2 protein chains.
Amino acid sequence: MSTHDEILSLGDDLMRMHGFNAFSYYHLADALKVRPAAVHYHFPTKDALALSIVNRSREAFHAFSERVLLEADLQIRLKSFVRIFAENADTGKICLMGAAGADFYSLSEDTRGAVRLFVLDIIAWLTDLLDEGRQCGDFTFDGLPRTRALLIATNLAASLHMARILGKKEFQSISGQLVKDICPSKKSTKRSSSKVRGK
Amino acid sequence: MSTHDEILSLGDDLMRMHGFNAFSYYHLADALKVRPAAVHYHFPTKDALALSIVNRSREAFHAFSERVLLEADLQIRLKSFVRIFAENADTGKICLMGAAGADFYSLSEDTRGAVRLFVLDIIAWLTDLLDEGRQCGDFTFDGLPRTRALLIATNLAASLHMARILGKKEFQSISGQLVKDICPSKKSTKRSSSKVRGK
DNA sequence: CAATATACTTACTACTTAGTAAGTAGTCAA
DNA sequence: TTGACTACTTACTAAGTAGTAAGTATATTG
């Protein structure tokens, strides 16, 4: 991998592990065994780096959405989406939405715009998946597909914070129930369960 | 208010607006019209300040949970909880769970422990509310009350990120649907809505 | 009235930070 | 082979960082 791409990859890791204000050109340079000025050569300002990190993630999500089209089952598509977050929970990272949202006011207007487009892409993809899934009976939920997409995205994003604070097992509880909530099963319905299950 | 308390209040604002690594002793001192050393007098290290900020929020939540006991209606208690987040959405701040979760690895073990206790308090309170509410028919949901509490807490936490990235209106959509999801209404059920409502 | 404690200030240190300017080694094309 | 281009390096600056040491004004108390 080129130095350019290694900076982007490490920058993404650092941004989602420690936050945009918690790493410096020195940290990047030191880890990649180059001088800080080499990082400035590829990304003149820290904001230029942030912008590239966000756009790289956006491209990665486009690649994901193309890849997942090979899978016909909509429930499995959803689970593939959840798996992206599960991998981050394992490594202790949060998602870019969570990281960029927390550091939002440290970013330039351009970078905030890129974050906005990135999140809109995710919400649009999830909205379409849910809409299509409800029409064919693969998913069951109340309200607008877009609102449900926002609910699921916020669940997954903050689950990564929960995994850090309370432990990785919490991610499994949250994401497991989240999938159950919208995937209709044969045995149980919303109403019947209100008394049989305990605390 | 004393300088000590003003530092705590402003520190809390800055931590939740810009992040733990995005403000300095100078920022605090400058805003409060004192010298940076005065801030060190009250909070010798930045970590001591972070710890106090977290414990202050925990105490504030205890006060909230006592206050809300005056309200008998469990649905209204839930809405009071949601209102705390709505106020943050308005001012552009995120919640301490979201902020401390993002900056988790910049905090000391002691402070992380305090964050854990703070989040556990919230989850315990919400779990009890949901459990009691399901038993008396005020709330309807699948799964364990604690899991549902985690789902609601993560929804609200990341909704504040969404409010920053996509706009404040998104918070209303998310929190509105979240409340609808568990508050049984007379007219609509989970199943009947799957075709009448559009995208 | 003297001693003590509180809540600061001034003055400082050692270090980190993003960013720049100028130079260099290697490649590649005309 | 010369001249440009890429991908760096060395060397530097100005500003910001957490944290410390010593001094000071003002109450409070024995």
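From a predicted model like this one, the values you see are computed outputs, not experimental measurements. Chain identifiers are assigned alphabetically (A, B, ...) following the order of the sequence lines, protein sequences preceding nucleic acid strands; residue numbering begins at 1 within each chain.
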If I take atom CG in residue A/D30 and atom P in nucleotide D/dC8, what distance separates them, rounded to the nearest angstrom? 16 Å

Short side-chain N/O contact to C/dT16 OP1/OP2 from A/S24, under 4.0 Å: no

Against the side chain of A/V34, the closest entry in C/dT9, D/dT9, D/dA18 is D/dT9

Tell me what A/F43 touches on the nucleic acid: a base, only sugar-phosphate, or nothing, going by heavy atoms under 4.0 Å. nothing

Between CZ of B/F23 and P of D/dG16 the distance, given in whole Å, is 17 Å

Considering just the side-chain nitrogens and oxygens of B/T45, establish if one lies under 4.0 Å of OP1 or OP2 belonging to D/dA18. no

For D/dC8, does either OP1 or OP2 sit under 4.0 Å from a side-chain N or O belonging to A/H42? yes

Please tell me if A/Y41 has a side-chain N or O lying less than 4.0 Å from either OP1 or OP2 of D/dT6. no

A/S65 and A/H62: side chain donor to acceptor below 3.5 Å: no

Closest-nucleotide ordering on DNA chain C, the 5'-leading residue of A/A37 and A/Y26: A/Y26

Using a cut-off of strictly less than 4.0 Å, decide whether A/T3 has a side-chain nitrogen or oxygen near OP1 or OP2 of D/dC8. yes

Length of the line joining A/L28:CG and C/dT16:P, which is rounded to integer Å: 16 Å

For the pair A/H4 and A/H42, name the ring-plane relationship: parallel under 30°, tilted 30 to 60°, perpendicular over 60°. perpendicular

Modelled atom types, side-chain donor and acceptor of B/D181 and B/Q177, under 3.5 Å: yes

Distance, rounded to the nearest Å, where B/H4 contributes NE2 and C/dA5 contributes P: 19 Å

Distance in angstrom units between A/K46 NZ and C/dT20 P, rounded: 15 Å

Spacing of A/H40 atom NE2 relative to C/dT17 atom P, expressed in whole Å: 11 Å

Is B/E109 salt-bridged to B/R116, going by a charged N under 4.0 Å from an acidic O? no

Can you tell me how far apart NZ (B/K79) and SG (B/C183) are? Round to the nearest 0.5 Å. 5.5 Å

Length of the line joining B/K33:NZ and C/dC8:C1', which is rounded to integer Å: 17 Å

Expressed as a whole number of angstroms, how long is the span from A/N21:CG to D/dG16:C1'? 13 Å

Establish, with yes or no, whether the OP1 or OP2 oxygen of D/dT17 is under 4.0 angstrom from a side-chain nitrogen or oxygen of B/Y25. no

Less than 4.0 angstrom between a side-chain N/O of B/R35 and OP1 or OP2 of C/dC8, yes or no? no

